Enquirer: 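Here it is, the structure, as C-alpha cells.
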Amino acid sequence: MLYTSTRGKCAVSAAQAIVNGIAADGGLYVPETFPTFTKEDFDRFSAMDYPARAAFVLNKFMDDFSVEELTEYARKAYSRFDGEPAPLCKLQDGSFMLELWHGPTLAFKDMALTLLPYLITAARKKTGAKDKTLILVATSGDTGKAALEGFKDVEDTEIIVFFPDQGVSKMQRLQMVTQTGSNVHVAAIKGNFDDAQSAVKAIFTGSDCIKAIKEKGYSLSSANSINWGRLAPQIVYYISAYADLVESGEIEYGDKVNFTVPSGNFGNILAAYYAKKMGLPVGRLICASNVNNVLTDFFNEGRYDIDREFFKTKSPSMDILISSNLERLLFEMSGRDEKFVARKMAELKENKVYSVDKKKVDACGFAAGFADEDETRETTFNFFELNDYALDPHTAVAAAVYSDYLAGTGDETPCVIVSTASPYKFPQDVYFALTDDYEEDPFKAAVKLFEYTALELPQSIEKLKTSPVLHPDVVGKEDIFDAVIKFITKE
Ligand SMILES: *Cc1c(COP(=O)(O)O)cnc(C)c1O
C-alpha cells in the first residue's frame with residue numbers, strides 16, 4: 001500500500017511515510033485507498049488478543065511490514081501496559097468507557113507511542129536510512145512524556161522535548177524533568193505551547209536548520225500525530241472495542257456504535273473515522289472540545305476560525321486552536337482533492353479562517369459540542385456520584401458533551417466514551433471537582449484521591465515522588481534551535 005500527500009500527489013511506502021513524518025509539500029501522508037474490514041476479518045479478529053489485533057489492522061495499512069514483525073512490536077509495546085491495553089467498562093446509563101490510559105505515562109498517547117519507536121527503527125532499516133534519527137517534540141504535556149518513555153535508549157535515535165514553562169500540570173512537568181535514558185533531552189521554554197510548536201515547525205521546514213542537524217549526523221522525524229505511524233495504531237482500539245462489545249453480547253455484529261472523543265489535535269477521533277471508512281459499523285462520531293471550541297464551530301457551521309481568544313483550561317492537552325489532523329478529514333471530505341486542501345491550508349495561514357460546504361461536513365457523520373470549565377467540574381462530580389467512577393478533566397469534557405448530545409438528540413445508539421487519561425495525572429483538579437477541597441501538592445492530592453475513590457494509585461506516580469530532576473533547563477523561545485544543536489553535540 002502506498003501513501004500520498006493531502007496537498008499534492010506522491011507515492012511512498014508506509015515505511016517511507018513513517019520515516020519522513022511529513023510530506024515534502026507540507027501536507028500529511030494518507031493511504032492511497034482504505035483497506036476494508038469484512039465480516040470474515042472480524043470473525044478472525046475477535047479471537048485475538050490486543051497485540052495480535054494491532055498487528056492484524058496495521059498490516060492492512062503497512063504491507064511492507066510483515067504480520068510477524070508487527071506482532072513482535074505490538075507484543076513488546078503493549079507488555080509495558082498494566083493489564084489489558086484498552087479495556088471497556090459499562091456505566092449506569094448503558095454507555096461504555098474505553099480506558100486508554102493503562103500505559104507507562106497514564107495517557108492515551110501511550111497506545112501509539114509505545115509502538116512508534118519499533119516502527120521507526122524498522123522503517124529506517126527498510127528505507128536504508130543512514131543518519132541517526134532525531135525526534136523533536138513540542139508538547140502541551142502528554143505527548144512529551146509518552147514520546148520520552150517510548151524512545152528512551154532506542155538505538156540510533158535521540159529525542160528532544162520542549163514544553164511551555166507555565167503551560168503544563170505539575171505532574172506532567174515532573175514526569176518529563178525526571179526522565180531517565182541516555183538519549184533523552186528535555187527543556188522548558190519561556191513561552192506558551194504555540195511558541196514551542198512554531199519553533200519546532202520552523203526547524204522542520206528551515207533548510208539551514210535541517211543542514212546543521214544533518215552535519216551532526218541526524219535527520220529529523222516527528223512523534224506528533226501528523227506522523228502516520230502515530231495515527232495507524234489508534235485505529236486498532238476502535239475496532240477492538242467493537243469486537244469486545246460483540247463478544248460480551250452487548251451488541252450484534254452490524255449494530256451501529258457511536259464514539260465520543262475528547263479532541264484537540266483531532267488525531268484520536270480521526271482514527272475512529274478511518275475505522276468507519278474501513279467498514280466498522282460506526283454511527284455518529286461525537287467530537288468533544290473544551291472552551292477552545294474551534295472544532296465545535298467547524299462541525300456546526302462549516303467555518304474553521306482560529307482568530308479567537310486562546311484559553312488555558314484544566315484539560316491542557318485539548319488547549320489547541322490549530323488541529324493539524326483536520327487536514328486529513330478535509331482531504332476525504334473533498335473527495336480527495338489535494339488542490340482544495342492546499343488552498344484551504346493557505347487560507348488558514350493567511351486569513352486565520354476558511355469555510356467549506358456545510359453539506360460536505362455533515363456527510364462525514366460527526367456531531368460536535370463543547371463543555372466549559374464549570375460544566376466539566378460538575379460532570380466530574382455527578383459522574384462519580386452516579387457511576388462511582390472518577391474522570392480525568394479531558395474525559396469529563398467528553399462525558400459532558402455526550403450528555404448534552406443525548407439530551408439534544410435522544411439518540412439511543414450504544415455509545416463508547418473514549419477515556420484519554422488517568423485521573424491521577426491531574427489529581428489536584430479531580431480531587432477538587434469531587435470534594436471542593438483543593439490540595440496544591442500533587443502527591444498529597446493523589447493520596448487523597450485514592451482515599452476518596454479507592455481507584456488504584458499507579459506505581460509510576462509513587463516513583464515520581466522520589467525521582468531526581470535530571471532536566472532543569474529553561475530556554476528562551478529564540479534559543480530553541482541553539483539548544484537542539486547543543487543537545488546533539490557530543491563532546
Ligand atoms: C492528546 C490528548 C487529547 C486530544 O487528542 P487529539 O488526538 O489531539 O485530539 C485528549 N485527552 C488527552 C488526555 C490527551 O493527552
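Numbers for residues simply follow the sequence, beginning at 1. Being a predicted model, the structure only gives us computed values, none of them experimental. Order of appearance sets the numbers: ligands from 1, and atoms from 1 within every ligand.
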Enquirer: Is Y424 close to V430 at the side-chain level, that is, under 4.5 Å between some pair of heavy atoms?
Expert: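 Side chain of V430 against side chain of Y424, heavy atoms only: no contact under 4.5 Å found.
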Enquirer: Would you tell me whether E378 and N382 have side-chain atoms, one donor and one acceptor, within less than 3.5 Å of each other?
Expert: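 Checked: E378/N382 side chains show no N/O donor-acceptor pair below 3.5 Å.
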Enquirer: For a ring pair (Phe, Tyr, Trp, His ring centres under 6.0 Å) check, start with the C-alpha distance between F81 and Y50, then their side-chain angles and the critical distance, and finish with the verdict.
Expert: CA-CA 11 Å; F81 281 58; Y50 194 86; 8.0 Å; no
Enquirer: With a cut-off of 4.0 Å, which atoms of ligand 1 are near a heavy atom of D142?
Expert: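 With D142 as reference, the close atoms of ligand 1 come out as 12 (C), 13 (C), 14 (C), 15 (O).
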Enquirer: Considering the heavy atoms of G267, write down every atom of ligand 1 situated less than 4.0 Å from one of them.
Expert: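 That gives atoms 6 (P), 7 (O), 9 (O) of ligand 1.
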Enquirer: Would you check whether G264 has a nitrogen or oxygen atom less than 3.5 angstrom from a nitrogen or oxygen atom of ligand 1?
Expert: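 Between G264 and ligand 1, an N or O pair is found under 3.5 Å apart.
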Enquirer: Hey, are Q179 and H471 close enough side-chain-wise for a donor-acceptor pair under 3.5 Å?
Expert: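 No, no side-chain donor-acceptor pair sits under 3.5 Å.
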Enquirer: May I ask you to check whether M318 has an N/O atom sitting below 3.5 Å from an N/O atom of ligand 1?
Expert: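 No, no N or O pair falls under 3.5 Å.
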Enquirer: Just to be sure I'm reading this right: ignoring hydrogens, which of T143, N265, N290 gets closest to atom 8 (O) of ligand 1? Compare them by their nearest heavy atoms.
Expert: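 Residue with the shortest heavy-atom distance to the ligand atom: N265.
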Enquirer: Between V137 and I135, does a side-chain contact (heavy atoms from CB on, under 4.5 Å) hold up when you go through it step by step?
Expert: CA-CA 6 Å; V137 182; I135 307 286; 3.9 Å; yes
Enquirer: Any N or O on D392 sitting closer than 3.5 Å to an N or O of ligand 1?
Expert: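 For ligand 1, there is no N or O atom that lies under 3.5 Å from one belonging to D392.
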Enquirer: Note the single closest protein heavy atom to atom 10 (C) of ligand 1, along with its residue, its atom name and the distance in Å.
Expert: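 That would be P262 O, 3.6 Å.
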Enquirer: Can you find a side-chain donor-acceptor pair between R80 and T114 that sits under 3.5 Å?
Expert: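 Side chains of R80 and T114: no pair found under 3.5 Å.
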Enquirer: Which residue owns the protein heavy atom closest to atom 12 (C) of ligand 1, what's the atom, and how far is it?
Expert: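 Ranking protein heavy atoms by distance from atom 12 (C) of ligand 1, first comes T420 OG1, 3.4 Å.
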Enquirer: Can you list the steps and then say if F366 with Y273 is a ring pair (Phe, Tyr, Trp, His ring centres under 6.0 Å)?
Expert: CA-CA 9 Å; F366 286 79; Y273 174 78; 5.7 Å; yes
Enquirer: Below the 3.5 angstrom mark, is there an N/O of H394, backbone or side chain, next to an N/O of ligand 1?
Expert: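 No: no nitrogen or oxygen of H394 is under 3.5 Å from one in ligand 1.
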Enquirer: Where the closest heavy atom to atom 14 (C) of ligand 1 is concerned, which of K109, K425, Q172, K145 has it?
Expert: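 Result: the heavy atom closest to atom 14 (C) of ligand 1 is in K109.
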Enquirer: Give the contacting part of F108 toward ligand 1: side chain, backbone, both or neither, where contact means a heavy-atom distance below 4.0 Å.
Expert: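 The side chain, only.
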Enquirer: Below 3.5 angstrom, do we get any N/O pair linking A107 and ligand 1?
Expert: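 N/O-N/O distance under 3.5 Å: no.
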